[in-house]
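Every heavy atom of this structure was used, including side-chain atoms; hydrogens, water molecules and symmetry mates were not. Order of appearance sets the numbers: ligands from 1, and atoms from 1 within every ligand. If you read the sequence from its start, that first residue is 1, and numbering goes on from there.
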Amino acid sequence: MYEQVSHSLLNEILTDLKPEILEEDLRHFYTRLGANFYSIHSLFVILYGKRDDFKVQMQKLVETMAGQYIQRPANLKQIDLARENDHNWFLSQEWVGMAQYADGYAKNLSELQQHVQYFLELGVNMIHLMPMLVCPQGASDGGYAVSDFRQIDQRFGSLEDLHNLAEEFHKYGILLTLDVVLNHTSNEHEWAQKAKAGYSKYQDYYYIFDNREVPDMFEMTMPEVFPETASGNFTWDEAMEKWVMTVFNNYQWDLNFSNPEVFIEMLDIILYWANQGADILRLDAVAFLWKKIGSICQNEREAHLLLQLMKDCCQVTAPGVLFIAEAIVAPVEIIKYFGEDAINAKECEIAYNASLMALLWDAVATKSARLLMQGIKSLPDKLERATWLNYVRCHDDIGLGYDNNDIRAVDYEPHAHRQFLIDYYTGKYGESSSRGLPFGHNDKTGDTRISGSLASLVGLEAALDSGDQSEIDNAIKIILLLHGLILSFGGIPLLYYGDEIGTLNDNSYLEDPAKANDSRWAHRPHINWEKAELRNTPGTVEYKLFSALKKMIAVRKEISAFADFNNRELLDVGNPHLFVFERFEYVQPANRVLVVTNFDDVPQHLNLADIGRKVHFRNDTIRDLYSGEKPAMFKEDLVIPPYRFYWLTDQ
Ligand code: GLC
């Protein structure tokens, strides 16, 4: 949009650009800057407009974008142009992701490159590598306590190894996703070290206080993220003799985004990783970016404005690069990370669907889809050109972040219901064979979250121990059922490494004092490649899972109704055990697929005539796209076997 105040400032900025920037061919840069400048300027004014150095910072911001544009490799600039032309590219059903620790999946980056065939075999074509940057020894929070935002830890290899991997990925059409940990640095980061040494410039990079006055005010409303290991949100620093805000672990210092220098530094880092070949950047803990006394310091309006500004700036320099919002917050809040009051996504194009994830775990434990149905029904439609990252497990715990109103709407009492889920997944409830572990118990609120690998949570570990074949088969069916949902729901399915071969909890973390008090390490495995080989041996668990997932992925890619264009309709079929929805093709709604899942351990009936007049699936021609089979019928009803999913068509 053309607007005179911002445009005259833009003219001034462009005239004053450093000579080395002026010399470059910046044609595409200038058109994109012109298109986004009004928005960039408006956001920068709201966030930093009251500062005396506003203009200086604005100049620096533009020079940062231009500097990184000049650095951007030509092949990536080509990709930017191609994606501009094909702007819905990431909504296609052809994308299937997998998240992994590079040093858990392989030894390091170069060994990982040797396993690219494994991804191709399974069909995953978007790999999220968890953070690999330099961290403090031991106190790393799994890579999320970064000491140098540009330096890959030598355990993983070098920047060159990453370039080689990115090139290899691109050769095979695999997207590379990398993390940018925006909210905090480790206490060993150069900025933190300089702050400790007394430099006020760097003390302003963080939230640092001389005494408890302000921290105590914050504490009145701020929840605790890791109550067991890092109680409170502030840490006393001996060197400075001051309090530092540390919302996560005490070695993770929160960055002060009310300082534009911090914004510009972090934008530079985002663009730096975009330039190293990342197609997608996972922005960590985005809900926490803005702190305000009297609030929970999550989901603040300014956190959204910061993300919008980052997106606007990234579109100028590297428009082909997408953002994933990692905001594990209340269902109604998550959706706002696509950007509110817009048509197209204007913050992050992709967001973790933590709501679906948690609801799936409810359905498994209760054998009922009631809360799942209610929770999904309550979610507003997302924006256009925005998509979910649908997952069952990831490197973090499972938080029971349901909306209490939804829990009550299906006649559970919120506290008692959450307690049931905790007991169920930690194996304390009735005959539950789940081997989950409690995580993040908070004595004050009674909250607990759950760790554990998918296979151990659904009872595979217990079944293998007891040798009960039918229990083993049930656990396999549940794993496939859950994947059947994330592969068809709408969005990019994100598998978690190891789940495709039924990896169990790894309790060796208990022997490492730096990890022992964080049960999330139980599900951050080192892949056992000998076990992974068993995927080729019929009859093994690894084979059953891997070959089924491989087929599901291949079939998903062929079903255009599974692309994500708000083309899903939930169907209430009056049977609490079944979760049923229709997916239809955006351009040709008549091309549709009926997704039917049964969470119960006994067969359930479904009468196609009962599910509303919109859906007239024909009994005589109905068949499952995954198995190619026609479901069994009893009179006029389809019979849905226990823990079974169907992707039904009648064409
Ligand atoms: C994100 C990460 C989690 C980490 C936290 C703090 O939630 O997924 O692993 O502990 O951020 O960085």
Side-chain angles (χ1 to χ4, degrees), residues 97 99-104 128-136 138-147 149 177-189 192 206 222-231 233 235 244-255 257 266 269 280-289 291 296-299 303 307 323-330 333-334 337 348 350-355 357-358 389 391-399 401 437 439-440 442 449-452 494 496-497 509 514-515 517-525:
Q100 57 181 256
Y101 279 98
D103 63 341
H128 168 213
L129 296 180
M130 239 64 88
M132 299 174 284
L133 305 179
V134 176
C135 284
S140 71
D141 190 25
Y144 288 95
V146 178
S147 301
F149 283 113
T177 301
L178 295 177
D179 266 270
V180 180
V181 185
L182 287 179
N183 179 66
H184 40 260
T185 73
S186 87
N187 56 354
E188 292 184 6
H189 190 284
Y206 300 97
M222 277 175 99
E224 292 171 317
V225 178
F226 297 137
E228 291 170 314
T229 49
S231 68
N233 289 285
T235 301
V244 187
M245 185 184 279
T246 54
V247 170
F248 290 87
N249 287 296
N250 55 18
Y251 51 86
Q252 288 167 301
W253 289 22
D254 284 64
L255 284 164
F257 275 93
M266 295 313 288
I269 288 158
I280 303 178
L281 293 172
R282 173 192 184 275
L283 305 184
D284 182 60
V286 288
F288 295 83
L289 293 182
K291 316 296 196 286
I296 60 165
C297 297
Q298 290 178 40
N299 308 315
L307 289 167
F323 287 170
I324 299 178
E326 194 258 344
I328 312 303
V329 290
E333 295 293 340
I334 297 184
Y337 288 89
C348 299
I350 309 174
Y352 275 81
N353 198 347
S355 316
M357 180 278 296
L389 206 54
Y391 64 113
V392 181
R393 288 301 289 120
C394 71
H395 70 291
D396 279 330
D397 48 288
I398 302 169
L437 302 157
F439 176 76
N442 187 328
R449 287 119 74 187
I450 297 153
S451 286
L494 184 73
Y496 186 59
Y497 79 120
Y509 75 100
K515 294 179 177 161
N517 58 11
D518 186 337
S519 62
R520 292 176 299 171
W521 288 101
H523 57 259
R524 296 172 176 175

Asker: Do Q252 side-chain atoms and N249 backbone N/O form a donor-acceptor pair below 3.5 Å?
Answerer: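 Answer holds: yes.
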Asker: Just to verify, which of Y206, F149, W253, F248 counts as forming a ring pair (Phe, Tyr, Trp, His ring centres under 6.0 Å) with H184?
Answerer: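 The passing option is F248.
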Asker: Looking at atom 8 (O) of ligand 1, what's its closest protein heavy atom, distance included?
Answerer: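 Sorting protein heavy atoms by distance from atom 8 (O) of ligand 1 puts D396 OD2, 2.4 Å first.
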Asker: Are any side-chain N or O atoms of H523 and backbone N or O atoms of G452, one a donor and one an acceptor, separated by less than 3.5 Å?
Answerer: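 Checked: pair present.
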Asker: Which protein heavy atom lies closest to atom 4 (C) of ligand 1, and at what distance to 0.1 Å?
Answerer: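 Answer, as residue, atom name and distance: D141 OD2, 3.3 Å.
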Asker: In the protein, what heavy atom is nearest to atom 1 (C) of ligand 1, and what distance, to one decimal place, separates them?
Answerer: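 Minimum-distance protein heavy atom for atom 1 (C) of ligand 1 reads D284 OD1, 2.7 Å.
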Asker: Is it true that a side-chain atom of E228 and a backbone atom of G440 form a donor plus acceptor pair closer than 3.5 Å?
Answerer: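 Yes.
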Asker: Heavy-atom contacts with Q252 under 4.0 Å: which atoms of ligand 1 show up? List them by number with element.
Answerer: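 Near Q252, meaning under 4.0 Å from one of its heavy atoms, ligand 1 has 12 (O).
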Asker: What atoms of ligand 1 come within less than 4.0 Å of a heavy atom belonging to H395?
Answerer: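 Near H395, the atoms of ligand 1 are 2 (C), 3 (C), 8 (O), 9 (O).
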Asker: Could you see which bit of F226 sits under 4.0 Å from ligand 1, with heavy atoms only: side chain, backbone, both or neither?
Answerer: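 Contact part for F226 vs ligand 1: side chain (C-beta onward).
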Asker: For R282, state whether at least one heavy atom is located under 4.0 Å from any atom of ligand 1.
Answerer: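 R282: in contact with ligand 1 (<4.0 Å).
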Asker: Would you find a donor on one side and an acceptor on the other, under 3.5 Å apart, between the side chain of N233 and the backbone of P223?
Answerer: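 Side chain of N233 to backbone of P223, a donor-acceptor pair under 3.5 Å: yes, one is there.
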Asker: Can you list the ligand 1 atoms lying under 4.0 Å from a non-hydrogen atom of H184?
Answerer: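 Checking each atom against H184, I get 6 (C), 12 (O).
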Asker: List the closest protein heavy-atom neighbour of atom 7 (O) of ligand 1: residue, atom name, distance to the nearest 0.1 Å.
Answerer: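 So the nearest neighbour among protein heavy atoms is E326 OE2, 2.9 Å.
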Asker: Name all residues meeting the side chain to side chain contact (heavy atoms under 4.5 Å, CB included) criterion together with M357; count only those two or more places apart in sequence or in a different chain, and write none if there are none.
Answerer: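 M357 satisfies side chain to side chain contact (heavy atoms under 4.5 Å, CB included) with W361, Y391, I398 once adjacent residues are dropped.
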Asker: Indicate yes or no for a side-chain donor-acceptor contact from R520 to the backbone of D397 under 3.5 Å, with no hydrogens or angles considered.
Answerer: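 Answer holds: no.
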